[in-house]
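Okay, structure first, notes after.
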Amino acid sequence: MNPEAQDRSGASGLRYSLEVPSLEDLVDVFRIALEANFRNVAVRIVDCPDLTEPPYGMAAKGISKSTKISDVGGVRYLTPLPQLDHKYDLQTIAKESELSPPYFIMGAGCGPYQDVGCNCELMANVAVSSAGVVKNESRIAKLDKDGKCQIERLQTTNLAILGNFFLSAGEPGKVVEIRAEGRTGSENFVSILRQAVRARYQEKPVGIGGVFLVEKGSLNIHVMPDFSKAPLETEGTVDQWLKYFTQPAPMVFMSVFVSEDPGWDLRCEHTHGYGVPDAEGSSQNRGGHYHYDTTPDEVEYVGYFGCAETLYRIDRPPSSS
Ligand code: ZN
């Protein structure tokens, strides 16, 4: 059941092979699940649009070739008290995920407190060319002095504590396009997709990465405040510590999910995003960790998704038992 888990001496991680369904099968799995949860649904295989173009603004054109997921660190380095020695670099993560340039790495994590000066949300969006030139479209979301959400561009590829990333050569290629309007079910968009893949492939872990746009409606988002000085011992105290916002579309999200955790201590679903310019050209200070949309009637999702071939578990926290 557990596909070729390998010790990789000399590196800090473990490598696992993922189940890789055909895109045709994924279309069926996604479509059936979405039709049960949205009013209007269209799912098909397309050539990936150029994701560097607005509104997506990714650092690479596509998400194809040499696809991988890296699950780095974990919540146990954040709670009950932060373990600040767990610092990472997206470029090192790519190397430990056996990718050399050119590559594209995107996803969700804790931002680099060591550079930003406080704990924050990371929206990782970085391409490195074969010549080693770094194109950094990453942002962080943090709280300002008044507790308002503030978005900043990043110059660094550093991060800390934890992260969930989808890596690829960043090439254009075939992907699954999803359009879904008018949510009728109670689950969030990403959980619907993950649970559908879980139901279809059961204990075989399938890893998916994608970029999606919420065109209309608004979203429930959290932004982490600076590190807590009081221990966050329970889910309840974590929830009180997090700052929740309702933020309006349009927003672009980067999503990474794995259908099933066969005991690799994975974070199975993680999605971060940020505001993109609306009709007035304002992207305001919107962004952070996606929970769900708050406007089921009017919400509209469009996204592009592909499968990862391999999963890397980097700096896995030691067992808490
Ligand atoms: Zn998050």
Side-chain angles (χ1 to χ4, degrees), residues 69-80 82-84 86-88 90 93 105-116 118-126 137-143 147 149-152 154 157-167 187-191 193-194 207-212 214 218-228 232 235-247 251-258 261 265-275 285-294 303 313-317:
I69 284 175
S70 288
D71 186 312
V72 181
V75 171
R76 265 180 275 163
Y77 297 149
L78 182 66
T79 64
Q83 298 179 37
L84 299 180
H86 294 278
K87 294 185 266 192
Y88 316 103
L90 293 172
I93 289 167
I105 177 167
M106 57 105 173
C110 284
Y113 77 88
Q114 60 271 39
D115 301 300
V116 175
C118 64
N119 186 32
C120 51
E121 306 286 343
L122 172 65
M123 286 73 87
N125 178 0
V126 168
E137 296 290 339
S138 299
R139 275 115 166 130
I140 57 105
K142 66 176 189 180
L143 297 184
C149 176
Q150 197 177 350
I151 303 294
E152 290 178 3
L154 273 186
T157 52
N158 288 337
L159 67 144
I161 309 286
L162 65 88
N164 301 86
F165 304 107
F166 186 86
L167 303 92
E187 290 285 355
N188 76 65
F189 175 68
V190 178
S191 292
L193 301 181
R194 185 175 64 80
I208 307 279
V211 176
F212 66 86
V214 180
S218 55
L219 298 125
N220 181 276
I221 299 288
H222 83 230
V223 176
M224 292 185 292
D226 201 4
F227 296 115
S228 176
L232 302 170
E235 263 181 44
T237 54
V238 172
D239 220 41
Q240 283 182 342
W241 170 69
L242 293 171
K243 179 85 190 258
Y244 287 87
F245 296 93
T246 301
Q247 298 179 340
M251 292 179 72
V252 160
F253 292 91
M254 292 159 292
S255 188
V256 181
F257 63 89
V258 180
D261 182 354
D265 201 15
L266 303 177
R267 180 163 195 157
C268 284
E269 192 177 312
H270 208 173
T271 303
H272 284 188
Y274 44 83
N285 275 312
R286 317 196 301 273
H289 176 113
Y290 169 91
H291 286 276
Y292 52 87
D293 66 77
T294 60
R313 187 70 183 93
I314 294 170
D315 193 29
R316 177 181 174 174

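What you see is a predicted model; the values in this text were computed from it and never measured. Each residue takes its place number in the sequence, starting with 1. Whatever order the structure lists them in is the order used to number ligands and atoms, beginning at 1.
Listed by chain and number, the residues in a ring-ring contact (aromatic ring centres under 6.0 Å, His included) with F189 are F212, Y301 (sequence neighbours excluded). Residues that satisfy the ring-ring contact (aromatic ring centres under 6.0 Å, His included) test with Y244, not counting sequence neighbours, are H222, H291. Not a single ring-ring contact (aromatic ring centres under 6.0 Å, His included) links F245 to another residue, sequence neighbours left out.
Other residues, nucleotides and ligands contribute at most 12 non-hydrogen atoms within 6.0 Å of the OH atom of Y292.
Excluding waters, the protein N/O/S atoms found under 2.8 Å from the Zn ion (ligand 1) are H270 NE2, H272 NE2, H289 ND1.
Counting only distance, with no hydrogens or angles, the side chain of Q83 and the backbone of I161 share no donor-acceptor pair below 3.5 Å.
Of the inter-residue distances, the one linking Q247 atom CD with N285 atom CG reads 9.0 Å to the nearest 0.5 angstrom.
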